[in-house]
2 protein chains.
Amino acid sequence: MYWANVSERQASTPPLAVSTVVFTLRSPAGDGAGLGRGVGADAAGSPPSVGESAERGAGPRLWIPLVRRRREPYLNQWALPGGPLRGDTSLRTAAANNLLQTTGLAPTLLEQLYTFGGTDRGEGARTVSVVYWALVRFAESDLDLMRDPDVAWFPADDPEVLAGLAFDHRRIVEYALARLRAKVEYADVAHRLLGERFTLAQLRGVYEAVLGQALDPANFRRTVLARGGIEDSGEVLTGVRNRPPRLYTAISQRDPSGIPDPEGDPS
Amino acid sequence: MYWANVSERQASTPPLAVSTVVFTLRSPAGDGAGLGRGVGADAAGSPPSVGESAERGAGPRLWIPLVRRRREPYLNQWALPGGPLRGDTSLRTAAANNLLQTTGLAPTLLEQLYTFGGTDRGEGARTVSVVYWALVRFAESDLDLMRDPDVAWFPADDPEVLAGLAFDHRRIVEYALARLRAKVEYADVAHRLLGERFTLAQLRGVYEAVLGQALDPANFRRTVLARGGIEDSGEVLTGVRNRPPRLYTAISQRDPSGIPDPEGDPS
DNA sequence: TCAATAGTGTCTATCAGACACTATTAC
DNA sequence: GTAATAGTGTCTGATAGACACTATTGA
């Protein structure tokens, strides 16, 4: 007996949830809006301990929003924002709604990451989670929505933060980071974390934050300009105490290589 | 209100199914076991028309198994093998079971492809499908299991076959092909379609079938040997009417680049 | 011998990394 | 002026593609 026509079957399938790993960029000097660092860190079970670990100079770092659990299991531990898939919304729409409710932000990039459906995902009933990953521009953030003490931003690569996550969310965040690293080199991922106009140094800062290593400014300029996708806006950034850098803008790219998300929005 | 702890909620989520795109390699000359070509092609709605389209010489081609639907919607059309996710099996196990029941084969590679959950996936009730893609070695196939007239193999890139598929399965197969192409270059995908020992010409045939273009034998040899992952077995293949080629074996690779399937089996 | 494929050697265009060097601002 | 970053030029080693060439079998 072969199953080819099961799409319409109402079987007793496990509950289905949609979660999102949201990345944003935050400069340590705080060039954008301020950011409560580890709000509600006093909760038992997860010490966030957001210390500035000077790994690679003082460039910007990746941050993710987490939500504190208000019920068992993993009570009071931090978890990825998410929720059950309701009625007639698509997976992508559910992820976008979820992101808006949690952070008040609209994503500049939203792609499906992976569907976790193992039977060893943690305590509690077994659940299948479709996980998305997203990028947002933090400077545009509406901080009013962040007053909720059960939502806070944390450095995405902090081992102590990751160790305190509920369920298998640590593995999920690490997988999302790996995908982000693999994607930043050949897609227009970087400028989606920045604003409309950005300098090459800022763009390089994104690459360095994502890849976790310093890059040669001269070579970076050459390769990123040769790759296309950005354009000299003609303006320069003034007010710095050195030679004013040019400002660039991102131009729409037809997904140069890489395979697009099949249900993704062609924005 | 933020949802962080929904994993245990029993919401009215859509039905969940697992499907698999299975690729195998078949030489036009039929060096392995014979293969019913388009069995049951008389069914209305999908003309398989398996003609040898001489696109790139006479190398091997990729084939996929399809299952004929026995109910509405898309009655009698061909679809990907799949079934509902039952009780306490993991997604990966469900895909493997499904593959075994359909083709009688154990996969040499099995990875999650994508989860399709749009609201426009075709007629009938909305379903969320977690789709896997797999590779099998056709020579090892147990053809007794293929007696079922509702299961047949088709060329994976035949436009007429793809056009006749049920639901959004055409898009799914095309996406799986794109992922396979992207992956064959930097992973040990190719030799999983071949047997234990293979010549470099056979290996090149896999690359050519997957990529859809001819490759220079000399350069292919250099690059594939430099990449590592295969080893000279010391034996040669006799019985050919030209210089006997060496036989190589695949050696285990620690996923040289690329990101492994997070719930995948580390085989 | 010829046909056919296996396998080697070599040239070249391209590209990434290293790094010296000049340019332009604030102070 | 100095400090600091922006931006340019150049060298070099690694690599992919083109392609000529030799090697070894069956017929």
Side-chain angles (χ1 to χ4, degrees), chain A residues 27-29 31 56-60 181-182 184-186 190 194 197-208 210-249 256-257, chain B residues 27-29 31 56-60 181-182 184-186 190 194 197-208 210-249 256-257:
Chain A
S27 300
D31 63 30
R56 187 206 69 259
R181 287 196 190 97
V184 74
E185 294 181 24
Y186 61 87
L194 302 169
R197 306 196 187 294
F198 48 86
T199 69
L200 286 185
Q202 289 172 326
L203 189 63
R204 179 164 48 88
V206 178
Y207 278 70
E208 290 179 337
V210 170
L211 299 177
Q213 64 175 8
L215 298 173
D216 183 279
N219 294 329
F220 178 80
R221 167 187 307 273
R222 228 183 343 130
T223 52
V224 83
L225 287 179
R227 177 152 58 229
I230 66 170
E231 202 175 31
D232 191 339
S233 72
E235 305 172 47
V236 294
L237 179 67
T238 57
V240 290
R241 76 173 180 288
N242 45 19
R243 171 172 172 175
R246 297 181 198 162
L247 288 168
Y248 291 83
T249 45
S257 79
Chain B
S27 300
D31 63 29
R56 186 204 71 261
R181 288 197 189 97
V184 74
E185 295 181 24
Y186 61 88
L194 302 168
R197 307 198 186 290
F198 48 87
T199 69
L200 286 185
Q202 289 172 327
L203 189 63
R204 179 163 49 88
V206 179
Y207 278 70
E208 290 179 337
V210 170
L211 299 176
Q213 63 175 10
L215 298 173
D216 183 279
N219 295 329
F220 178 80
R221 166 187 307 272
R222 228 182 343 130
T223 52
V224 84
L225 287 180
R227 176 150 60 229
I230 66 172
E231 204 175 30
D232 192 338
S233 72
E235 305 172 45
V236 294
L237 180 66
T238 56
V240 290
R241 76 174 181 289
N242 44 19
R243 173 171 172 176
R246 296 182 199 160
L247 287 168
Y248 291 83
T249 45
S257 77

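Below, each value reflects all heavy atoms present in this structure, side chains not excepted, and no hydrogens, waters or symmetry copies. Here the structure is a predicted model, which means the values were calculated and not measured. In what follows, chains are A, B, ... by sequence order, proteins preceding strands, each numbered from 1.
Between L200(A) atom CG and dT8(D) atom C1' there is a gap of 13 Å when expressed in whole angstrom units. L215(B) has its CG atom 15 Å from the P atom of dC19(D), to the nearest Å. For the pair E208(B) CD and dT5(C) C1', the interatomic distance rounds to 14 Å; values are reported in whole Å. Note: CG (D216(A)) to P (dC21(C)) measures 16 Å, nearest angstrom. Remark: P of dT25(C) and CG of N242(A) are 10 Å apart, rounded to the nearest angstrom. Distance N219(B) CG to dA20(D) C1': 12 Å, rounded to the nearest Å. Taking atom CG on L237(A) and atom P on dT24(C), their separation rounds to 17 Å, with Å as the unit. Spacing between atom CD of E235(A) and atom C1' of dT25(C) amounts to 18 Å, rounded to whole angstrom units.
Contact between the side-chain N/O atoms of R243(A) and the OP1/OP2 oxygens of dT5(D) is not found at any separation under 4.0 Å. OP1 or OP2 of dG7(D) sits under 4.0 Å from a side-chain N or O of R221(A).
Contacts of T223(A) with the nucleic acid, taken as non-hydrogen atoms under 4.0 Å apart, involve only primed sugar atoms and P, OP1 or OP2.
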Could you please spell out the steps behind the side-chain contact (heavy atoms from CB on, under 4.5 Å) verdict for L211(B) and E185(B)? CA-CA 9 Å; L211(B) 299 176; E185(B) 295 181 24; 3.9 Å; yes
List the steps, then state whether side-chain contact (heavy atoms from CB on, under 4.5 Å) holds for D232(B) with L225(B). CA-CA 10 Å; D232(B) 192 338; L225(B) 287 180; over 6 Å; no
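One N or O on the side chain of S233(B) and one on the backbone of L247(B) form a donor-acceptor pair closer than 3.5 Å. Between the side chain of R197(B) and the backbone N or O of T249(B) there is no donor-acceptor pair closer than 3.5 Å.
Between the base of dG9(C) and the side chain of R222(B) there is no donor-acceptor pair shorter than 3.5 Å.
Nucleotides of DNA chain C nearest to P244(B) and A218(A) differ in position, and the one nearer the 5' end is that of P244(B).
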